[in-house]
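In this text the structure is predicted, and so the values were computed from the model without any measurement. Below, chain A is the first sequence line, B the second, and so on; all start at residue 1.
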Amino acid sequence: MLHEQLANLGASGIKIIERLGRASILFWSIWGGLPSLLIRPRLLIRQIHKVGVLSIIIVTVSGIFVGMVLGLQGYYVLSKFSATQTLGIMIAASLIRELGPVVTALLFAGRAGSALTAEIGLMKATEQLAGLEMMAVDPIRRILTPRFFAGCISMPLLAAIFNTVGILGGHFVGVDLLGVDAGAFWSQMQSAIELGHDIGNSIIKSLVFGVVCTWIALFEGYDTLPTSEGVSHATTRTVVHSALAVLGLDFVLTALMFKG
Amino acid sequence: MSQARAVETIVGAFMALGFAALFFLVMQVSNLSTNVISSNSYQLQARFENVGSLKTRAPVNMAGVRIGRVESIKLDKATFEAVVTMRINQEHMTIPEDTFASILTAGLLGEQYIGLDPGGSDEYLKDGDSISHTQSALILEQMIGKFLFNQVGGSSSESKSSESKSSESKDESQSRTKDNISTK
């Protein structure tokens with residue numbers, strides 16, 4: 001009985017490490033496709049359209065609402081200290097440092113990551129990937145590499161859009177609805193937000209999240225069981241693992257970047 | 001082909017939008033814009049013994065109207081005074097020479113700003129001029145310290161006067177006990 005359980009534990013451990021190993025190998029083979037991608041940037045552009053452009057709406061709408069909620073809640077707390085002029089700092093700092101990259105990455109995993117997994121999983125289930133291999137086309141270079149770099153490029157841009165729209169949403173609620181002074185809102189924000197430390201780190205964060213989310217999505221799709229059930233499992237795992245990875249990595253990155 | 005072109009155009013628009021958002025963050029939200037000197041303004045300087053928690057970009061107000069902002073705060077190594085450089089909008093060129101600059105606080109916990117009280121001189125301050133009449137920031141601890149010091153000083157002088165009065169009418173032992181009570 002105990003023996004059985006031990007064996008199960010060991011089997012699952014080996015399975016996890018195997019998957020990690022396959023994921024790492026896939027990561028490096030994707031990078032191997034970079035030179036051929038540079039020759040044919042059309043492939044990349046089409047994927048940026050799928051991954052990035054089609055995510056703009058969800059990112060913009062959530063950005064506006066997150067910013068507006070921050071404005072409302074921040075005003076509620078800050079008005080107790082009659083420090084509502086610092087609303088700009090609160091909205092901008094929390095958006096740029098944390099919420100922008102994290103929420104965008106979560107939305108990105110849900111909107112673009114799951115689609116990538118389902119697409120590649122179905123390609124595998126319908127043996128399109130095997131067909132490409134038959135024609136001496138490397139499916140990793142032809143299919144995965146453009147999608148990976150499209151995700152890496154789109155994610156920081158989407159996060160920047162999220163931040164901007166969120167700050168404008170907070171401005172709308174704070175300044176236009178609740179009557180915080182617009183000059184104080186902007187000047188306090190500008191005196192508190194540093195270019196390299198805050199915005200630079202925000203871009204680094206969103207880039208890391210973009211790499212991780214796209215990588216997980218591509219690996220789950222590429223590694224899926226070629227059945228409809230396997231694809232559905234893979235899609236679920238993409239969203240769950242991406243969300244966990246983003247939140248965990250966010251803690252690590254925040255601890256490294258803003259420990260001061 | 002035309003459809004591929006349309007996709008490329010949309011992607012181009014997306015990337016332009018993303019970079020515009022980054023540009024907005026860099027220019028409007030971060031402190032980079034503090035380094036950009038606007039052309040239609042002029043500089044004034046003022047020396048303060050203590051600027052408190054005044055920061056760059058703090059507003060410069062006259063009669064409650066914002067007319068400029070603090071550009072830089074430096075320490076004069078010779079006199080150990082803070083040299084505050086302000087940038088005033090060009091339209092407010094008519095600040096009298098004997099204007100009084102003081103560091104004030106907006107509200108109890110609010111940000112600090114420079115308030116200018118205009119003097120009566122007919123001569124106006126020019127670009128690069130220095131405001132000679134200044135008042136430092138009020139530091140709360142120093143104020144409390146002064147207040148306490150005044151309280152203690154006031155009460156001891158009172159007890160002395162009461163002692164001299166009492167010695168006239170009553171004997172010494174009584175006045176001593178009174179003195180003890182008052183010092184307690």
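Counting only N and O atoms by type, the side chains of A:T254 and A:K205 include a donor and acceptor under 3.5 Å apart. A:S55 and A:R111 share no side-chain donor-acceptor pair at under 3.5 Å.
Contact of A:I45 with chain B is made through backbone and side chain together, with heavy-atom distances under 4.5 Å. For A:I48, the parts lying near chain B are the backbone and the side chain together; criterion is any non-hydrogen pair under 4.5 Å. The contact between A:I56 and chain B is made entirely by side chain atoms (from C-beta outward), counting heavy-atom distances below 4.5 Å. Neither the backbone nor the side chain of A:L54 comes within contact range of chain B; no heavy atom of the residue lies under 4.5 Å from a heavy atom of that chain.
A cation-pi arrangement, defined by a distance under 6.0 Å to the six-membered ring centre and an angle within 45 degrees of its axis, is present between A:R97 and A:F258.
Each of B:D98, B:T94, B:L116, B:I95 was scored for a side-chain contact (heavy atoms from CB on, under 4.5 Å) with B:L125, with one residue passing: B:I95.
Heavy-atom pairs under 4.5 Å with chain B peak, among A:P156, A:A159, A:A92, A:G52, at A:G52. When each of A:G200, A:S154, A:A184 is scored by its heavy-atom pairs under 4.5 Å with chain B, the top score falls to A:S154.
Taking the six-membered ring where the residue is Trp, the centroids of B:F14 and A:H49 are separated by 6.0 Å or more.
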